[in-house]
Protein chains: 2
Amino acid sequence: MSPRRSATDARHTRSVILDRGVEVASVEGLEGLTIGRLATDLGMSKSGLLGHFGSKEVLQLAVIDTAAGVFAHEVPDRAAGTEPGLPRLRALCAAWVSYMERGVFPGGCFFTAVVAEFDDREGPVRDAIAGLTAVWKRDLTLQIRLAVSAGELPEDTDAEQLVFELYGVMLSLNQALRLDRDRAAPERARRVIDRLLGS
Amino acid sequence: MSPRRSATDARHTRSVILDRGVEVASVEGLEGLTIGRLATDLGMSKSGLLGHFGSKEVLQLAVIDTAAGVFAHEVPDRAAGTEPGLPRLRALCAAWVSYMERGVFPGGCFFTAVVAEFDDREGPVRDAIAGLTAVWKRDLTLQIRLAVSAGELPEDTDAEQLVFELYGVMLSLNQALRLDRDRAAPERARRVIDRLLGS
DNA sequence: CCTACCGATCGGTAGG
DNA sequence: CCTACCGATCGGTAGG
C-alpha cells in the first residue's frame, strides 16, 4: 500500500466515500455526516478523506449529486421506455412508489430527509437541493401537459396542482413507512395515484 | 440578582428556555439544538440551563411537549367550537393549513422537521414524536368516522386512507412553502381538501 | 494517502 | 443559578 495512488485509484476511493456518504446522510442528515465518522467507517484518516473534497460543504454537494444519480437510475430511467404523456407519468409514479417501498437508501428517501434539514437555511447546499427538486417537478409537469395535449387527462387539468398532489402522496408515503412502519402505505399511495391519473 | 431563585422564578425560566428551544429546534432540528447555543441566546450559563432538565434528551422531550402544546392551541383548539363530524373535520383542516401558512414556528412545521430527523432512530425522542402524530391521526380518523355515520361523507369512505391523503397535502404544503417559497401553495392545499371533503 | 496538530464546541459534572 | 473544568469530537491545516 503505497501512499501515492494512481488517478484511477483516487477516483475509486472517491466513489466509495460518496456511496457510504449517501447512506449515512440518508439516516443522519447532511450535517450528521461528519468527516471523522465517515473516515472511521471506511478505515481511512480524516485528512485523507477530506483531501478528495477540500471542505465539508464540497463533500455535501458531492453526496447530493451522488444521491441524485441513484434517484435518476431508480425512477426516471425505469420509466424511460414508456410513451411520453400519461403512460410515462404512470410509470414515473409507479417507479417512485417502488423506490420508496424498497428503501433504496437505508434512511428512506434521501431527498425527503435533506429537504427537511435544509429548507430553512441559505447557501449552496440548500440551492442544490432546491434545484434538483425543481427539475424533478418540471419533468412531471411536462409529462402532465403532454398527457393533457394528447387527451389522456382532462383539458382543465392544472398541471402544477397535480404535481403538488402527487408530491404529497410521496411525502405521506415516506412518513408512513419510516415513522409509522405502515406496510399498507404503498398500497394507499397507489390507490390515490390511480384516482388522480384515472386508474 | 441572587443566584437562588424561587420556584416561581424557576418555572418561568424553564418556560423561557422551552419557548426559545422550540424556535431553535424548528429550524436547526432537535440535535442542532445545543445546550451551549441555547444558553448563549438566553444569556445564561450552560450548567444553569442544564440544571432545569438534567440531560439533553430530557430537554428534547420537554421541547417536543411544548411544541405539542402550541400545535394543540393553533389547530384542534380552534376547531373545538364546531360540530363533531364533517364541520369539525373541515375546521381542523382549515386551521391546519392556516398554521402552516402563518409560519407559527420560525422553521415551519415543528413536527414535519423533527419527524424527518428522528424517523430512522430508536429511543424515547422518536417514540414521543411517533406517539404525538399517532394521536393526531387518531383524532382525524375519529372525526371522519363520525362524518360517515352522520351521512356527511360517503358510506364507503376509508378513514385511514383519507387521513393518509390529508397528511400528504400538509407535507406537500410545508415543502412548497419552505423549500420553494411558493405563496400559492396554501390555495392549492385548500383546493385538494375541498375536493376530498366534498367542498 | 498519512501523522500530528489547531481552536472551537459538544454534553455533562464538581462544587459552591 | 454560577465558574471552572472534563474527555470527546468537530472541521480543517501543516508538512510530508
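Numbered from 1 within each chain, the chains take letters A, B, ... in sequence-line order. Values below: all heavy atoms of this structure, side chains included; hydrogens, waters and symmetry mates excluded. The shown structure was predicted, so the numbers you read here are calculated from the model rather than taken from an experiment.
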message: For a salt bridge (Lys or Arg N to Asp or Glu O under 4.0 Å) check, start with the C-alpha distance between B:D194 and B:R90, then their side-chain angles and the critical distance, and finish with the verdict.
response: CA-CA 8 Å; B:D194 283 350; B:R90 284 204 182 115; 5.7 Å; no
Minimum heavy-atom distance A:R126-A:R121, with the two atoms named: CD-O, 2.7 Å
task: Look at all strands and tell whether A:L50 reaches a base, only sugar-phosphate, or nothing, counting heavy atoms closer than 4.0 Å.
output: base
field: D:dC2 base / B:S47 side chain donor-acceptor hit below 3.5 Å
entry: yes
- prompt: Expressed in angstrom and rounded to an integer, what is the separation of A:Q60 atom CD from D:dG12 atom P?
  reply: 9 Å
- request: Test for a donor-acceptor pair under 3.5 Å between the base of D:dG12 and the side chain of A:K56, counting only N and O atoms.
  value: no
- prompt: Does any nucleotide pair with D:dC5 by Watson-Crick or G-U wobble geometry, both distances under 3.5 Å, and what is it?
  reply: C:dG12
field: Atom pair distance, as rounded to whole Å: CZ in B:R11 and C1' in D:dC1
entry: 17 Å
Residues B:E165, A:R195: salt bridge by 4.0 Å N-O rule: yes
- prompt: Between D:dC10, C:dG11, D:dG11, which nucleotide gets closest to the side-chain atoms of A:R37?
  reply: D:dC10
task: Measure from CD on B:E57 to C1' on C:dC10 and round the result to the nearest Å.
output: 16 Å
- request: Look at B:S45 and D:dT3 and indicate whether a side-chain polar atom (N or O) is within less than 4.0 Å of OP1 or OP2.
  value: no
- request: Describe the nucleic acid contact of A:S55 in one word from base, sugar-phosphate, nothing, applying a heavy-atom distance below 4.0 Å.
  value: sugar-phosphate
task: Send over the distance from A:E28 CD to D:dC10 P, rounded to a whole Å.
output: 11 Å
task: Hey, which sits more toward the 5' end of DNA chain C by its nearest nucleotide, A:L49 or A:K46?
output: A:L49
message: Between P on D:dT9 and CD on A:E31, what's the gap in Å once rounded to a whole number?
response: 18 Å
field: Nearest-Å distance for atom pair CZ/P, residues B:F53 and C:dG11
entry: 14 Å
- request: Would you please classify the geometry between the B:F105 ring and the B:F110 ring as parallel, tilted or perpendicular, with 30° and 60° separating the classes?
  value: tilted
message: If I take atom CG in residue A:L33 and atom P in nucleotide D:dG11, what distance separates them, rounded to the nearest angstrom?
response: 8 Å
- prompt: How close or far is atom P of D:dC1 from atom CG of B:L42, stated in whole angstroms?
  reply: 10 Å
- prompt: Do any N or O atoms from the side chain of A:Q143 and from the backbone of A:L89 form a donor-acceptor pair under 3.5 angstrom?
  reply: no
